[in-house]
Amino acid sequence: MQTIYKYLECRSFKYAQILLKKMSLLKFYPIDVTYKIIDDKPVVMLFGKALGGHRVCVVDEDFEPYLYVIPRNKEVADKISKIQVDDKGTPVQVVRVENVNKKYLGKVVNVLKVFTKLPKHLLIIRDVIKDWDIIELITEYDIVFVRRYLIDKNIIPFTLTDVECEKVDMGFKVSTFKIKEIKQDSDEIFETPKILAIDIETYNPNGKGIAPDVNPVLMISFYGEDFKKVITWKKFKTELDYVEFVDGEVDLIDKFKEIIEKYKPDVVCGYYSDGFDFPYIQTRAKKYKIKLDLGLDGSELKCFKRGRFETAKLVGIAHIDVFKFIKRILRVNLDTSMFGLNDVAYELLGEKKIDVELDNLAKIWDDEPEKLSKFCEYNLHDSYLTYKLLQKSIANIIELVKIVGLPPYDIIRMGFSQLVEWYLLRQAPSYGEIAPEQPHSDEIRRRRSLTFKGGFVFEPKPGLYKNIVVYDFRSLYPSIISSHNISPATLNSEGKGEQVPLKDEYYWFSNEEKAFIPTLIEDIVKRRMRIKEIMKEGNNALLEARSQSLKILANSFYGYLGFYAARWYSMECARSTTAYGRFYVNKVIEGAKEQGFNVLYADTDSCFMSLEGKTKQDAEKFADEINEGLPGVMELEYEGHYPAGIFVSAKAGTNGAKKKYALLTEKGDLKLRGFEAVRRNSSQIAKEVQGKVLNIVLKEDDKEKAMKYVRSVLEDLRKKRVDNSKMIIHTQLTKDTSDYYSIGPHVAVASRMKALGLEVGPGTIIHYIVTSGGGIIRDRSKLPEEVKQGNYDADYYINNQVVPAIEKIFEVLGYTREDIAEKEGQKKLGEF
DNA sequence: TCCCAACGGGG
DNA sequence: GTGTACGTTGGGA
């Protein structure tokens with residue numbers, strides 16, 4: 001009754017408005033969504049770009065928070081509507097309860113839809129109800145309010161949206177309209193958002209870690225279409241026309257605000273700007289009491305940090321941390337395992353950072369400002385690379401925005417499982433499904449204790465091989481889930497289904513009706529196939545990106561089913577999926593052996609084999625034959641041919657290491673997997689030797705030359721002919737020296753630096769060289785400037801740095817660790 | 001062998 | 001803001 005009354009009131013009001021011609025129709029692309037409590041009511045605010053190019057905000061005051069309860073008897077509804085609790089002096093109650101029919105894990109159920117006044121009341125109500133034994137389940141109380149709005153209203157960000165509205169003034173920076181009706185009829189996408197990339201350089205005196213409380217921002221660069229600028233507060237002579245000078249750091253921050261205000265970007269991006277640039281600027285601004293009120297509603301920049309989760313948010317502008325998206329999502333398509341801007345830009349763009357000695361910036365800033373031009377170029381170039389990287393990944397991001405239905409701000413900060421979960425949550429209402437509850441601590445603990453067998457691994461025989469072909473089964477799991485109807489709803493349920501190829505467990509999945517999850521996967525797989533079909537007529541970067549995103553999402557479903565925090569978690573489904581996976585990979589291996597290929601290595605979804613005199617055409621034909629025997633959408637891809645490759649042994653024993661190999665591509669590049677003996681904090685000499693050895697072995701196929709090279713390096717090390725600078729090990733201090741329980745070399749050095757009056761604290765990178773002499777290593781670790789050229793501990797560098805980086809490679813070539821030493825005419829190397 | 005600290009990205 | 005959650009790896013005990 002109340003609902004009907006409200007509806008009529010609304011209709012008559014709307015009618016009156018239209019008569020008075022106050023209403024207008026607005027078409028816009030939503031970019032960012034948030035909400036605020038105004039007059040004790042939640043108000044959803046959608047910021048976006050209107051057709052015509054101006055930025056707008058539309059607000060909706062008529063959306064109510066709700067949750068679902070599955071009751072065990074008829075009294076529950078009544079009992080719930082009578083709940084009266086107190087929240088810090090404010091009474092909280094249920095607004096109303098509706099009876100609805102829904103499905104829970106495929107089964108039809110009667111559900112109570114419980115409405116409250118404010119979003120946070122849902123959690124309070126849930127706390128009251130959760131232990132009642134007259135309820136079966138309480139769920140969806142923790143769906144983020146604005147996401148609930150987008151799902152229920154069927155609004156996809158970056159997609160053209162029609163709004164019937166009325167202009168209002170809420171004091172925002174953009175025209176604001178009150179929504180009477182909102183809907184999306186078209187699937188037209190906002191393809192050309194205005195993007196602004198930013199990057200900062202900070203004062204960072206030699207060896208010091210990052211300390212925003214102490215060290216100022218020196219320069220800020222901006223890069224957009226037809227826009228480049230560097231602002232700095234030290235004046236010097238320069239020919240760079242994009243450099244602009246201000247009087248100090250305060251002016252720098254003011255100018256930063258001004259540029260963003262004037263440029264009016266839809267998207268702001270940086271590289272690790274969630275964890276560095278924005279929080280750094282915020283800390284500096286706070287120090288000067290400058291308000292960073294860049295939000296389109298006048299709100300300030302918000303930076304959060306909780307554990308590893310760091311983020312920076314600007315209301316109305318989509319802040320994209322390019323690093324985060326690449327590291328979390330795009331990484332599956334990258335060869336690099338290093339996610340610094342330099343490595344990523346090199347792989348994706350073929351461009352590198354400008355090579356400057358960043359350690360010298362502080363000194364040059366203080367003493368030789370005339371040399372700052374180079375650093376301004378460097379600063380701008382980083383923004384340029386970030387801009388280019390976003391340009392390269394924006395199609396992927398937008399595709400995920402389209403499928404998952406959340407704003408880019410959310411999408412780029414999500415991992416695979418979250419993307420799947422929000423895709424499921426978005427789709428659930430269309431299938432009449434309500435979501436399972438998120439697991440709580442006990443359940444999480446229980447789930448984490450369960451394990452399951454992963455993919456099948458055919459262990460490689462360590463060795464150097466020629467003419468390797470690689471097959472890839474990357475869509476294996478999604479296609480298995482789809483074609484075998486794997487889902488919590490069909491598990492061991494009524495109806496026929498074949499038994500999963502597992503020895504000690506008996507699962508089957510009913511194939512009478514396609515379930516929720518397999519349907520969605522099939523949808524994605526088919527969507528991708530359609531795109532691939534179009535791509536055959538002519539390749540296109542946009543379609544490629546769309547196909548890539550669909551693949552990413554499809555591939556994430558299986559991991560999701562076995563992920564402890566998933567709502568639609570099912571250990572049985574995860575186990576069955578991998579069981580089928582092992583079954584099919586083994587089928588490929590057996591087939592290859594029969595045809596005379598030499599199977600070198602297989603892991604989960606890929607298979608490596610050498611041609612053994614066969615041709616590349618034979619290899620492609622083999623894939624076709626396998627494909628003919630595969631059910632449904634399953635497909636084996638011929639990934640490519642590599643002229644040479646090396647598989648090395650695992651750390652212990654002689655078995656081949658999983659995921660540890662180097663391949664030489666037909667273009668002549670090295671494709672490295674798992675050679676982690678060389679890390680960022682390894683000495684330069686170790687990195688150098690590993691790279692060179694792999695190059696000689698794979699490109700020139702000359703193991704003697706490689707051995708000769710290594711011997712000469714070891715000889716140089718012993719004869720103290722290697723420059724000290726290649727010996728420096730860099731390790732970051734993460735807490736105060738006194739807080740360390742175990743004193744590693746870097747901690748010992750840091751303590752001594754402190755004693756010398758040097759400023760050392762959390763974040764400081766300690767550079768040290770291990771010098772020769774007796775006793776434990778930490779006592780022999782010295783600051784580089786304390787060490788005379790050549791006074792390093794050659795044995796330490798040989799045994800702990802250089803040899804570990806290459807020994808596995810030489811083992812494959814038939815040399816032992818001792819061989820390297822003996823032939824050199826020196827004493828044996830240390831224990832191994 | 002197990003367990004805990006380090007590390008990532010940024011300057 | 002109906003939240004805020006790492007995941008891997010190496011070294012030392």
Side-chain angles (χ1 to χ4, degrees), chain A residues 34-37 42 65-67 116 118-126 139-149 199-212 215-219 270-280 302 304-311 313 321-324 326-328 337-344 356-362 365 375 378-379 382 386 410 413-415 417-418 438 444 563-565 651-652 674 676-677 679-682 730-735 739-747 763-765 776-778 800 804:
Chain A
T34 184
Y35 89 98
K36 224 184 236 172
I37 308 288
Y66 64 88
L67 54 78
T116 63
L118 296 182
K120 67 171 181 181
H121 292 169
L122 294 174
L123 286 176
I124 296 167
I125 298 296
R126 185 247 163 194
T139 188
E140 299 204 21
Y141 48 83
D142 52 358
I143 309 288
V144 185
F145 189 58
V146 297
R147 298 184 186 171
R148 169 99 282 162
Y149 181 87
D199 181 51
I200 66 171
E201 304 304 325
T202 64
Y203 188 72
N204 209 7
N206 213 8
K208 277 281 290 156
I210 281 150
N215 295 324
V217 177
L218 304 182
M219 52 183 78
Y271 202 82
Y272 196 45
S273 41
D274 262 349
F276 183 70
D277 303 74
F278 277 119
Y280 205 108
K302 281 186 196 77
F304 301 97
K305 189 180 168 161
R306 199 93 154 213
R308 282 293 327 142
F309 186 82
E310 296 169 303
T311 170
K313 189 166 169 55
D321 182 339
V322 179
F323 159 72
K324 216 162 248 187
I326 290 175
K327 172 85 190 277
R328 300 181 97 129
S337 55
M338 309 271 278
F339 293 91
L341 180 56
N342 197 46
D343 299 287
V344 170
V356 295
E357 198 56 68
L358 207 51
D359 280 347
N360 297 336
L361 172 58
W365 177 268
F375 288 93
Y378 170 86
N379 186 211
D382 277 6
T386 306
D410 296 305
R413 286 166 182 81
M414 286 178 163
S417 290
Q418 283 171 307
Q438 246 185 8
I444 286 180
F563 174 51
Y564 62 85
K651 205 167 211 148
E676 71 291 293
R679 297 164 67 86
R680 196 183 68 147
N681 61 357
S682 293
H730 322 266
T731 309
Q732 193 177 38
L733 216 56
T734 54
K735 47 191 175 187
D739 295 338
Y740 277 88
Y741 176 71
S742 61
I743 316 279
H746 72 292
V747 182
T764 309
I765 292 175
I776 54 177
I777 287 160
R778 69 168 176 235
N800 295 55

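In this text the structure is predicted, and so the values were computed from the model without any measurement. Atoms considered below: every heavy atom in the structure, side chains included; atoms not considered: hydrogens, waters and symmetry mates.
Between dA5(C) and dG11(B), the two C1' atoms lie 28 Å apart (nearest whole Å).
Rounding to whole angstrom units, CZ of residue F309(A) and C1' of dG8(B) are separated by 16 Å. Remark: P of dG8(B) and CG of N342(A) are 15 Å apart, rounded to the nearest angstrom. Between the NE2 atom of H746(A) and the C1' atom of dG10(C) there is a distance of 13 Å, rounded to whole Å. For the pair F278(A) CZ and dG11(B) C1', the interatomic distance rounds to 17 Å; values are reported in whole Å. Taking atom CE of M219(A) as the reference point, atom C1' of dG10(B) lies 16 Å away to the nearest angstrom. The separation between M414(A) atom CE and dT4(C) atom P is 13 Å, rounded to whole Å. For the pair W365(A) CH2 and dG11(B) P, the computed distance is 15 Å after rounding to whole Å. Put simply, CG on D321(A) is 10 Å from P on dG10(B), counting in whole angstrom units.
Note on D274(A): nothing from the nucleic acid sits closer than 4.0 angstrom, heavy atoms only. Residue contacts for F339(A): at a heavy-atom cut-off of 4.0 Å it reaches the sugar-phosphate backbone alone, with no base atom in range. Contacts of I200(A) with the nucleic acid, taken as non-hydrogen atoms under 4.0 Å apart, involve only primed sugar atoms and P, OP1 or OP2. G340(A) comes within 4.0 angstrom of the backbone, heavy atoms only, and of no base. Here L341(A) lies in heavy-atom contact (under 4.0 Å) with sugar-phosphate atoms only. Across all strands shown, Y66(A) has heavy atoms under 4.0 Å from base atoms, whether or not it also approaches the sugar-phosphate. Among the protein residues, E310(A) comes within range of no part of the nucleic acid, since none of its heavy atoms lies under 4.0 Å from any strand. Counting any heavy atom pair closer than 4.0 Å across all strands shown, L122(A) reaches a base atom.
One finds a salt bridge joining D410(A) and R147(A) here, because a Lys/Arg side-chain nitrogen approaches an Asp/Glu carboxylate oxygen to under 4.0 Å.
Listed nucleotides dG11(B), dG9(B), dT4(C) differ in distance to F323(A); the shortest reach to its side chain belongs to dG9(B). Considering only side-chain atoms of R308(A), the nucleotide from dT4(C), dC6(C), dG10(B) that sits closest is dC6(C). Of the candidates dG11(B), dT4(C), dG9(B), the closest approach to any side-chain atom of R306(A) belongs to dT4(C). Side-chain atoms of D382(A) lie closest to dG11(B) of the nucleotides dT4(C), dG11(B), dG9(B). Of all nucleotides listed (dG7(C), dG9(B), dG10(B)), dG7(C) comes nearest to the side chain of Y564(A). Each of dT4(C), dC6(C), dG10(B) was ranked by its minimum atom distance to the side chain of Y271(A); first place goes to dG10(B). Candidate nucleotides dG9(B), dT4(C), dG11(B) were compared by shortest atom distance to the side chain of Y272(A), and dG9(B) ranks first.
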> Passes side-chain contact (heavy atoms from CB on, under 4.5 Å), F375(A) versus M219(A)? Steps please.
Replying inline: CA-CA 9 Å; F375(A) 288 93; M219(A) 52 183 78; 4.2 Å; yes

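For the pair K324(A) and F309(A), the distance from NZ or CZ to the six-membered ring centre is under 6.0 Å and the angle to the ring normal is within 45 degrees.
D277(A) places none of its side-chain heavy atoms less than 4.5 Å from the side chain of Y271(A). Contact check for P205(A) versus N215(A): side-chain heavy atoms found under the 4.5 Å cut-off.
Mapping N800(A) and D142(A) onto DNA chain C via the closest heavy atom, the residue that lands nearer the 5' end is D142(A).
In this structure, the side chain of D321(A) engages the main chain of D274(A) through a donor-acceptor pair within 3.5 Å.
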